[in-house]
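Beneath this line is the structure, given in structure tokens, with notes to follow.
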Protein chains: 2
Amino acid sequence: MGDGGRGPLDDILGLRIRLAHGAVQRHFAEHCAHLGLTQKQVSVLWLAHDAPGIAQTDLARTLQMDRATTMAIVHALEKRGLLERERAGADARRIGFHLTQDGEQLLRAAKAAIDGHEAWLRAHFTAREVQTLARLLERIYG
Amino acid sequence: MGDGGRGPLDDILGLRIRLAHGAVQRHFAEHCAHLGLTQKQVSVLWLAHDAPGIAQTDLARTLQMDRATTMAIVHALEKRGLLERERAGADARRIGFHLTQDGEQLLRAAKAAIDGHEAWLRAHFTAREVQTLARLLERIYG
DNA sequence: ATTATCTGTACGTGCTACTTACAAATCACG
DNA sequence: CGTGATTTGTAAGTAGCACGTACAGATAAT
């Protein structure tokens, strides 16, 4: 039998990634439930903070999401008054996003919560292993 | 800036896992579309083949899914005639699952498709790195 | 025998992702 | 300059997956 009790299925690397992802998602949902934000939503807020005026297309590409998916997330954040849009200068058809004050405040709270979440995740590894894991994972999506 | 163009977000290990998972899912969906099966469905078929008579609860625990989620997957497979249930001997309340002939046949096709999918995934790494990655990932969910 | 627990079932909700389609603005080329 | 191609934003529909909850039947515990 395999090392995880799943038999030959344990040899499927894709399954391991899926299980790890599920575990991280579950922990995030528990640990960060008070924010009322999903992982994706936090990512979008974070990016909009770091790069004010970013467009939907940039968000989608950076987070490797579909445009339609990105729209759904952005709409939800706008509806909650965390994100605003502005027709920005040079390119008239481009609409940039930036955080509202509420958005900035919630993002700060989110970063604090994620610090704890990431600490839990990293606690499974040594600092060197974290580097290795990050490097290997990047090869898949990078 | 970070190494992936996401700025400080690149330091979030959870995001890396999420992006890697997404990339794997997308490749699976493309590469295995002809099966008409999702990753989860293949996993359930695979387990039911390896352990005939397995119960819903076992499936849920092994794949770390909710019972309700497991039910949805099992129902879909039953409806397609790939999976059957039987009231098995000793424990009268327990219902075991096993593959039909169609199920066995489709699972063989799925395994062939997944061979290709896994080959693509593993091609990002050396054999040693695959071992390392598998070992590190298991610490998260194991 | 009455609870408590486990298992199977069923329903509803929410997030994410994809496809497809359409409107508006811009850009490129003739 | 104007027509078509491209980009961008928008919208609707479908699907998978996860979770919560509630309920029924069988078994187990007291």
Side-chain angles (χ1 to χ4, degrees), chain A residues 15 17-19 21-33 35-44 53-61 63-80 83-97 141, chain B residues 15 17-19 21-33 35-44 53-61 63-80 83-97 141:
Chain A
L15 177 59
I17 293 176
R18 190 146 57 78
L19 291 175
H21 173 249
V24 171
Q25 277 234 299
R26 277 189 293 276
H27 184 274
F28 177 94
E30 267 185 53
H31 192 83
C32 305
L35 297 169
L37 292 172
T38 65
Q39 284 181 316
K40 301 254 176 190
Q41 289 174 332
V42 173
S43 299
V44 168
I54 192 171
Q56 286 183 8
T57 314
D58 302 322
L59 290 172
R61 188 183 52 254
L63 297 176
Q64 302 189 195
M65 297 186 299
D66 197 81
R67 282 203 308 144
T69 304
T70 307
M71 281 307 307
I73 296 172
V74 164
H75 281 326
L77 294 175
E78 279 186 87
K79 197 174 297 177
R80 284 178 60 183
L83 206 61
E84 279 178 349
R85 55 181 60 196
E86 47 176 353
R87 283 220 118 77
D91 199 340
R93 62 188 168 174
R94 203 175 177 80
I95 293 185
F97 293 97
Y141 64 80
Chain B
L15 177 59
I17 294 175
R18 192 147 55 78
L19 290 175
H21 174 251
V24 171
Q25 277 233 301
R26 277 189 292 275
H27 184 273
F28 178 94
E30 268 185 50
H31 192 83
C32 306
L35 297 169
L37 292 172
T38 65
Q39 285 181 314
K40 301 254 176 188
Q41 288 175 332
V42 172
S43 298
V44 167
I54 192 171
Q56 287 181 8
T57 314
D58 302 322
L59 289 172
R61 188 182 55 253
L63 297 176
Q64 303 189 196
M65 297 186 299
D66 197 79
R67 283 203 306 143
T69 303
T70 308
M71 281 307 306
I73 296 171
V74 163
H75 281 326
L77 294 175
E78 279 185 87
K79 198 173 296 177
R80 286 178 59 183
L83 206 61
E84 279 177 349
R85 56 182 60 196
E86 48 177 351
R87 283 220 118 74
D91 198 341
R93 62 187 168 175
R94 202 175 179 80
I95 293 186
F97 293 99
Y141 64 81

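In what follows, chains are A, B, ... by sequence order, proteins preceding strands, each numbered from 1.
- Closest non-hydrogen pair, R85(A) versus I95(A), comes out as CB-CG2, 3.5 Å.
- In this model, the phosphate group of dT16(C) is approached by a side-chain N or O of T38(A) to a distance below 4.0 Å at OP1 or OP2.
- Residue contacts for A55(B): at a heavy-atom cut-off of 4.0 Å it reaches the sugar-phosphate backbone alone, with no base atom in range.
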- Message: Checking Q39(B) against V24(B) for the side chain to side chain contact (heavy atoms under 4.5 Å, CB included) test, could you report, in this order, the C-alpha distance in whole Å, the side-chain angles of both residues, the deciding distance, and whether it holds?
- Response: CA-CA 10 Å; Q39(B) 285 181 314; V24(B) 171; 4.0 Å; yes

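- Atom P of nucleotide dA11(D) and atom CZ of R67(A) are separated by 13 Å, given to the nearest angstrom.
- Between the P atom of dT21(D) and the CG atom of D66(B) lies a distance of 11 Å, rounded to the nearest Å.
- Protein atom CG of L63(B) is 17 Å distant from nucleotide atom P of dG16(D), rounded to whole Å.
- Here the side chains of C32(B) and H27(B) are not in contact, with every heavy-atom distance at 4.5 Å or above.
- Distance L59(A) CG to dG9(D) P: 9 Å, rounded to the nearest Å.
- Between R18(A) atom CZ and dT16(C) atom P there is a gap of 19 Å when expressed in whole angstrom units.
- Of the possible polar contacts, one joining the Q41(A) side chain to the T38(A) backbone as a donor-acceptor pair under 3.5 Å is found.
- Regarding contacts with the backbone of dT9(C), a side-chain N or O of Q56(B) is found under 4.0 angstrom from either OP1 or OP2.
- Between K40(A) and A68(B), the one whose closest nucleotide on DNA chain C sits nearer the 5' end is A68(B).
- For L63(B) against L19(A), the heavy-atom pair with the smallest separation is O-CD2, 3.6 Å.
- As a whole-Å value, the separation of R26(A) CZ from dC17(D) C1' is 12 Å.
- Remark: Q64(B) is not in phosphate contact with dA18(D), judged by side-chain N or O atoms under 4.0 Å from OP1 or OP2.
- If you check every strand for non-hydrogen atoms under 4.0 Å, T69(A) touches a base.
- Rounded to an integer number of Å, the gap from CZ of R80(B) to P of dA15(D) is 13 Å.
- Rounded to an integer number of Å, the gap from Q25(A) CD to dC17(D) C1' is 10 Å.
- Side-chain N/O atoms of T57(A) include none lying less than 4.0 angstrom from OP1 or OP2 on dT7(D).
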